[in-house]
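Order of the sequence lines fixes the chain letters, A, B, ..., with proteins taken first and strands second; residue numbering starts at 1 for each chain. Note that these values count all heavy atoms, side chains included, but never hydrogens, waters or copies made by symmetry.
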Number of protein chains: 2
Amino acid sequence: MATIKDVARLAGVAISTASAAINRSAPVSEDVIAKVEAAVRQIGYVPHGGARSLRMGQSRLIGLILPDITNPHFAKVAKVVESACLEAGYMDAVYSTSEDDDRERQILEMMRMQRVAGLIIIPTRSDAEHGARLAEQIHVPTVLLDSFVTGLPYDVIKLDNVTAGRLATEHLIGLGHRRIAVTTGRPNIITGEDRLRGYLAALEAHGIALEQRLLIEGRFDQATAHDATLRLLAEPDPPTAIFALSNMMALGVLNAVQEMGLSVPADLSVVNIDDFDFANIMSPPPTVVSAPVEQMAQRAIDTLLAEIRSKSAPTGKVELFEPRLIVRASASNLAR
Amino acid sequence: MATIKDVARLAGVAISTASAAINRSAPVSEDVIAKVEAAVRQIGYVPHGGARSLRMGQSRLIGLILPDITNPHFAKVAKVVESACLEAGYMDAVYSTSEDDDRERQILEMMRMQRVAGLIIIPTRSDAEHGARLAEQIHVPTVLLDSFVTGLPYDVIKLDNVTAGRLATEHLIGLGHRRIAVTTGRPNIITGEDRLRGYLAALEAHGIALEQRLLIEGRFDQATAHDATLRLLAEPDPPTAIFALSNMMALGVLNAVQEMGLSVPADLSVVNIDDFDFANIMSPPPTVVSAPVEQMAQRAIDTLLAEIRSKSAPTGKVELFEPRLIVRASASNLAR
DNA sequence: TCTTCCGGTCGAAACGTTTCGTTTTCCGGT
DNA sequence: ACCGGAAAACGAAACGTTTCGACCGGAAGA
């Protein structure tokens with residue numbers, strides 16, 4: 001395969017000159033640039049990324065670590081990041097942790113092996129212990145997306161989850177609901193905790209007592225939300241509404257209701273966080289609290305790129321994005 | 001950062017011995033292995049991927065190039081490939097072409113720069129010209145997924161698209177439909193062409209004349225299918241059924257029908273290829289022809305890995321997977 | 001006219017691995 | 001006690017870049 005040596009020989013210049021011409025990293029005369037570029041095209045030269053990263057101490061690779069690429073929410077993030085990277089001359093390596101700590105560790109190790117220039121992480125857990133472990137393994141500019149990990153000095157981009165939780169809950173309360181169940185994620189995931197906090201705040205603001213049985217601990221996935229819904233609706237005095245903390249959990253709830261031969265919103269009102277692309281062909285079109293995913297992702301990659309380029313230390317700033325309530329048809333006035 | 005040199009010094013052995021111990025690439029005594037591994041752990045040594053790829057001529061990276069990671073169909077492929085790679089000690093770099101030739105070219109160049117060990121491609125086009133261009137840029141083991149590109153010697157894994165098209169169409173015909181529109185992809189995408197071929201075969205087998213106006217050329221996306229549906233349904237003598245060639249196009253059709261205040265399947269029957277995860281909460285639950293995406297992706301990465309390991313030339317074999325008709329509620333008997 | 005400086009070019013070193021040919025060590029057989 | 005040979009360990013070269021100091025010639029300033 002063609003190397004820069006071949007280019008240099010063909011162009012009749014020194015290797016270092018060819019390098020300078022290709023990268024515009026030092027003054028080179030016009031005609032030499034022309035000759036070098038011609039040579040590059042002629043032999044189809046493509047720089048060796050490995051050699052480059054060896055010499056320069058870091059590669060033009062950016063790592064994106066998220067829970068599950070299969071979730072449309074995260075797929076959107078991946079797409080935005082990819083585009084931005086490509087534009088900036090970087091590649092990105094996307095990895096799904098599947099919410100598994102070991103896997104996250106393994107991925108982080110591969111990232112390190114590739115000497116990635118920077119990292120965007122949506123971590124599996126937000127507790128301090130996990131944060132410490134992460135910090136130990138990470139030695140490059142990093143931006144935390146969606147989730148804040150206590151004790152880590154990195155920049156954070158996330159939704160105002162407390163407000164999101166409050167918005168959803170208050171909408172249901174405004175509709176007359178009092179027994180509102182909520183499907184949460186595992187503890188130690190700040191996203192979930194904050195949304196729950198918003199829920200609790202709304203309840204309290206309206207003088208509604210919290211019922212522990214209505215708090216369902218899941219794993220942000222479809223299955224647990226599905227099962228919990230089945231169980232909850234079979235109880236005496238079932239909830240009249242469910243607030244699902246994520247898109248996947250909402251799908252689980254909706255499925256369960258449908259399986260039981262009940263219907264939304266007649267038998268149960270549902271609100272969730274995260275919009276769906278295909279919302280208008282769902283039955284019913286869901287009322288949701290949506291997050292500006294793409295903008296957040298864009299901000300994350302912009303921040304990271306800036307940090308990489310400026311070689312500046314992370315500011316440790318937390319940037320909040322505002323959620324928005326979109327009223328459709330999955331939540332209705334409580335019939336009495 | 002720690003290098004293998006540090007490991008060697010700490011373990012009290014030569015660099016080459018440390019390397020052999022780490023990679024098990026040459027006989028090393030038990031106690032030396034133990035010492036080296038201890039040293040690795042102690043200083044947190046992680047090999048430098050770039051240096052490795054420089055020396056070995058290829059990296060432990062596998063490229064996955066697909067149309068759009070945001071499409072759940074492709075996201076599934078990405079997930080399967082990622083898992084398999086990780087298991088085999090590889091990393092994968094996923095890229096979306098957005099059906100753009102230039103972008104595909106740019107991605108391919110980055111892949112080459114990284115000296116990827118292999119490639120899985122779902123190409124944007126299937127014509128010979130494009131194939132030639134591709135072949136020119138690719139110099140590593142490659143597997144073509146979903147799509148066959150004429151003139152390329154690589155292994156191919158794909159759905160039996162002709163049968164898929166026939167299955168869908170025959171189901172509609174069996175329901176009494178005669179005016180069946182079909183939303184296709186751009187020409188030169190073999191996937192679409194084959195599915196269309198199945199449609200035509202089914203029509204012919206049942207003695208139904210083809211109406212050109214019912215052939216809608218799209219780009220496998222939601223928007224074109226949406227617009228076409230709007231137009232088609234406004235015509236005199238509109239189709240009673242639509243066969244959507246992809247999941248995204250089906251979404252477009254469904255949206256359009258819903259917008260017009262009509263309903264599926266009462267006013268229009270719809271069948272499409274590719275199932276939806278959330279099928280049972282769609283209204284109506286769609287009748288589809290589904291493809292075993294995950295199995296196909298697994299087969300693709302297995303084939304690629306085998307090829308990389310054995311350093312054998314590609315067999316150029318085309319492997320077909322069978323589609324399956326799943327009858328739900330979006331297609332019904334034609335009321336007369 | 002002599003010096004200074006700068007744009008342009010060059011050569012060589014260094015980055016961290018793996019690999020291959022060579023040397024050392026150790027063992028069993030005579 | 002010695003030899004032969006296999007197993008284990010070693011040292012050095014090579015992979016393809018970028019970067020840095022050195023060099024050269026010509027223009028500008030004295």
Undergrad: By the definition side-chain hydrogen bond (donor to acceptor under 3.5 Å, both in side chains), identify the one residue from A:T142, A:T315, A:T303 that meets it with A:D155.
TA: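 One option only clears the test, and that one is A:T315.
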Undergrad: Polar pairs (N or O, both sides) under 3.5 Å between protein and nucleotides 8-12 of chain C?
TA:
unit_1	atom_1	unit_2	atom_2	d
C:dT9	OP1	A:S29	OG	2.9
C:dT9	OP2	A:S29	N	2.9
C:dT9	OP2	A:S29	OG	3.3
C:dC10	OP2	A:A14	N	2.7
C:dC10	OP2	A:T17	OG1	2.8
C:dG11	N7	A:S16	OG	3.3
C:dG11	O6	A:S16	OG	3.0

Undergrad: Each nucleotide N or O in nucleotides 22-24 of chain C that has a protein N or O under 3.5 Å away: list the pair and distance.
TA:
none

Undergrad: Would you call A:R112 and A:E136 a salt bridge, using N to O less than 4.0 angstrom?
TA: no
Undergrad: If only atom types and distance count, is the side chain of A:Y95 paired as donor or acceptor with the main-chain N or O of B:D92 below 3.5 Å?
TA: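 A pair under 3.5 Å: yes.
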Undergrad: Reading DNA chain D 5' to 3', which nucleotide is the first, and which the last, to come under 4.0 Å of any heavy atom in chain A?
TA: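 Contacts span D:dG16 to D:dT19, reading 5' to 3'.
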Undergrad: Looking at CG of B:L119 and CD1 of B:I308, how far apart are the two atoms once the value is rounded to the nearest 0.5 Å?
TA: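 Between B:L119 CG and B:I308 CD1, I get 9.0 Å after rounding to 0.5 Å.
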Undergrad: Do B:M91 and A:Q114 have side-chain heavy atoms sitting under 4.5 Å apart?
TA: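 They are in side-chain contact.
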Undergrad: Taking B:E99 first and then B:R186, would you say they form a salt bridge - that is, a charged N and a carboxylate O separated by under 4.0 Å?
TA: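 The answer is yes: the pair qualifies as a salt bridge.
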Undergrad: Is there a donor in the side chain of A:Q298 and an acceptor in the side chain of A:D302, or the other way round, less than 3.5 Å apart?
TA: yes
Undergrad: Specify the residue among B:S25 and B:L54 whose closest nucleotide of DNA chain C lies further upstream toward the 5′ end.
TA: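 Per heavy-atom nearest nucleotide, the more 5' residue is B:L54.
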Undergrad: Salt bridge between B:E109 and B:R103, side-chain N to carboxylate O under 4.0 Å?
TA: no
Undergrad: Show the numbers, then the answer: is there a side chain to side chain donor-acceptor pair (under 3.5 Å) between A:S29 and A:D31?
TA: CA-CA 6 Å; A:S29 67; A:D31 61 328; 2.8 Å; yes
Undergrad: So if I take residues 44-51 of chain B and measure heavy-atom distances to DNA chain D, which residues fall below 4.0 Å?
TA: none
Undergrad: A:H130: which residues meet the side chain to side chain donor-acceptor pair (under 3.5 Å) condition with it, sequence neighbours left out?
TA: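 Expected list: A:E104.
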Undergrad: Assess whether atom CD of A:E319 is packed by more than 12 heavy atoms of other residues, nucleotides or ligands within 6.0 Å.
TA: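 It does: A:E319 CD has more than 12 such atoms within range.
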Undergrad: Salt bridge (charged side-chain N to carboxylate O under 4.0 Å, His left out) between A:R105 and A:D102: does it pass, once the steps are laid out?
TA: CA-CA 5 Å; A:R105 177 171 225 133; A:D102 278 344; 5.6 Å; no
Undergrad: Does a side-chain N-to-carboxylate-O contact under 4.0 Å join A:E294 and A:R299?
TA: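 No, this pair does not count.
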Undergrad: About how many Å separate CG of B:L145 and CD1 of B:I120, when rounded to the nearest 0.5 Å?
TA: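 Reported value, rounded in 0.5 Å steps: 7.0 Å.
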Undergrad: Using rotation axes that map the C1' atoms of four end pairs onto the next four (five pairs an end), what angle separates the end axes of the helix from C:dT1-D:dA30 to C:dT30-D:dA1, to 10°?
TA: 50°
Undergrad: Using a heavy-atom cut-off of under 4.0 Å over every strand shown, decide if B:T3 touches base, sugar-phosphate, or nothing.
TA: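 Here B:T3 touches the backbone only, sparing every base.
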Undergrad: Drop me the distance from B:I4's CD1 to B:I43's CD1, to the nearest 0.5 angstrom.
TA: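 Result: 10.0 Å between the selected atoms.
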